[in-house]
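All chains are named by letter (A, B, ...) in the order of the sequence lines, taking the proteins before the strands, and each is independently numbered beginning at 1.
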2 protein chains.
Amino acid sequence: MTEVETDLYSIKDKMYAAADCIIFGFDSGKLKLLVFKRRVEPLKGEWSLIGSFVRLEEDVAEAAKRVLKEITGLENVFMEQLKAYGRASRDPGYRCLSIAQYALIRISEYDEELVEKHGARWYDIGAVPDLVLDHNWMVQDALERLKQKARYQPIGFELLPEKFTIPQLQKLYEVIYQKELDSRNFRKKLLSLKVLIKLDEKDKANSRRGAFLYKFDYETYHKLEKSGYNFEIS
Amino acid sequence: MTEVETDLYSIKDKMYAAADCIIFGFDSGKLKLLVFKRRVEPLKGEWSLIGSFVRLEEDVAEAAKRVLKEITGLENVFMEQLKAYGRASRDPGYRCLSIAQYALIRISEYDEELVEKHGARWYDIGAVPDLVLDHNWMVQDALERLKQKARYQPIGFELLPEKFTIPQLQKLYEVIYQKELDSRNFRKKLLSLKVLIKLDEKDKANSRRGAFLYKFDYETYHKLEKSGYNFEIS
DNA sequence: ATAATAAATGTAAAAAATACGTTCATTATT
DNA sequence: AATAATGAACGTATTTTTTACATTTATTAT
């Protein structure tokens, strides 16, 4: 970005707000991030978090939901505000605050056609390309938050299919925490929390023997939660 | 707020951003909040968090620092973004996002004259009056954050004088966690963390015997932090 | 000299986290 | 039909951390 380009697009006499989404997915043992090509000048066409300006009559959270649905077709997914990015110089084109929100989606459920139509793409979290503005920082901050939050709240399940195996879940936590876990201790801990429902089905995708499928028991979890129960996976 | 009043002040054709500060202090065993009287219509004169519009050329974090300094005279205090509040209807007068930041200050150090001049006031955290807009929610959210954060990061010390006693520190944690702690276990835990420096002085304000003063050892803490050390006080 | 007060201290028991190796169920191959 | 191969499932002993709990100490005011 040269100074000339900056000036060309400067509309800095008004405040704008953008909602940018850090959209995480989990597939084949890898954490993934969905990005698309920026739709506005300056930097149009560069890789960017999926986002949009917030309309004057629109809640910030709604703007994020709107754009998530627009690109992935998904509604009612886990989404939480990360934080606002408010440096005056963060966007060379506008005086624009960004309210970043991170979303956890089941990667099997998004609308591939829509994603493709918008030129969006999944990147392995370890190989995210250079993104516009401060978006790479947002990704870093979101990862940090995910790491913190997964420890004390059962949000990891939002990234897995409804039915999942314990080795799958362990792999997810290993990717999030960036460290290996002992499978015996992990299983013991998880089952001791009493919020997994063992199903009568197996997933044979990864072994001859097959691994039992489980569901997360939200109902029980919410009950326990109210009576001072602590979910924790370290 | 009636509909008529709302309409009188509606300037909803532009986006505004405000920086609102949740300013915590700790005094005589109580957690306190600093509030002042709102300076803009609508609701001018009502109790409000200390805040200001963010100027077009100003970072959001700077706006918060500016207003904190304006009202308390303080600079270089602990301040961290809580989150953005972005409901379209949150302010009847403007389309205004608020980026809330919480600050922890040593209550002995603020400028009393300045505070008084601005009509600001400390309230016990259990007796905060009705504040404008969503400000009471912000306080709740900030308290929640403080509770979380104090557990894993040594931010409590930002609320105490540089020299403090262990009973003082315990009282602070009790107020933040809203539960009583065992003094023997608390002391043991704190000292085991190896980040307190025992001074040769006593504070005799609360007992005949007096309690030894300590300082938090930021230097050692930062060193330990880099080598995978975990501060935790439960 | 005594009374009063909060500060300071230790230990045993329980709970949680860690480290670690073997057997099991199933399918593909021969 | 027997065998090989593979990831899934499981238990126990050790260490570490957390919890529960009562007495003595230093100092000042009376």
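Atom CD in A:Q170 sits roughly 12 Å away from atom C1' in D:dA9 (whole-Å rounding). Computed from coordinates, the B:Q168 CD to C:dA8 C1' distance equals 16 Å when rounded to whole Å. Taking atom CG of residue A:L191 and atom C1' of nucleotide D:dA8, one finds them 13 Å apart after rounding to whole Å. Rounded to whole Å, atom C1' of D:dA26 lies 15 Å from atom CG of B:D203. In this structure, B:F164 places its CZ atom 15 Å from P of C:dA7, rounding to the nearest Å. Atom CZ in B:F212 sits roughly 10 Å away from atom C1' in C:dA8 (whole-Å rounding). For A:N230 and C:dA16, the CG to P distance is 11 Å, given to the nearest whole Å. With rounding to whole Å, B:I166 atom CD1 is found 8 Å from C:dT9 atom P.
Within a heavy-atom distance below 4.0 Å of DNA chain C, the residues of residues 172-187 of chain A found are A:D182, A:R184, A:N185.
Atoms CG and CZ, from A:L190 and A:R187 in turn, are 9.0 Å apart once rounded to the nearest 0.5 Å. Atoms SG and NZ, from B:C21 and B:K65 in turn, are 11.0 Å apart once rounded to the nearest 0.5 Å.
A salt bridge between B:K189 and B:E232 is absent, with no side-chain N of the basic residue lying under 4.0 Å from a carboxylate O of the acidic one. At a threshold of 4.0 Å, the pair B:R106-B:E109 counts as salt-bridged, since one of the basic side-chain nitrogens sits closer than that to a carboxylate oxygen. Salt-bridge check for B:K83 with B:E144: failed, with every basic side-chain N at 4.0 Å or more from each acidic carboxylate O. Between B:D59 and A:R87 no salt bridge is recorded (no basic side-chain N to carboxylate O distance below 4.0 Å).
For the pair A:Y214 and A:K188, nearest-nucleotide mapping onto DNA chain D gives the more 5' position to A:Y214.
Between the side chains of A:R151 and A:S234, no donor N or O sits under 3.5 Å from an acceptor N or O.
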As a check on the pairing definition, encode DNA chain C in dot-bracket form, counting Watson-Crick and G-U wobble pairs whose two distances are under 3.5 Å, and using | for partners outside this strand.
||||||||||||||||||||||||||||||
Taking only nitrogen or oxygen atoms into account, show me every contact under 3.5 Å that the protein makes with nucleotides 27-29 of chain D, one pair per line with its distance.
residue, atom, partner, partner atom, Å
D:dT27, O3', B:K204, NZ, 3.3
D:dT27, O3', B:R208, O, 3.4
D:dT28, OP1, B:K204, NZ, 3.3

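Annotation: side chain of B:Y214 is not in contact with side chain of B:Q168 (no heavy-atom distance under 4.5 Å).
Ring centers of A:F216 and A:Y221: under 6.0 Å apart, within the cut-off.
Considering A:F24, A:W47, A:F36 as possible partners of A:Y123, the one that fulfils the ring-ring contact (aromatic ring centres under 6.0 Å, His included) test is A:W47.
Proximity of B:K189 to the phosphate of D:dT18: a side-chain N or O atom is located under 4.0 Å from OP1 or OP2.
Ring geometry for A:F157 against A:F164 counts as tilted: the plane angle lies between 30° and 60°, on a 0 to 90° scale.
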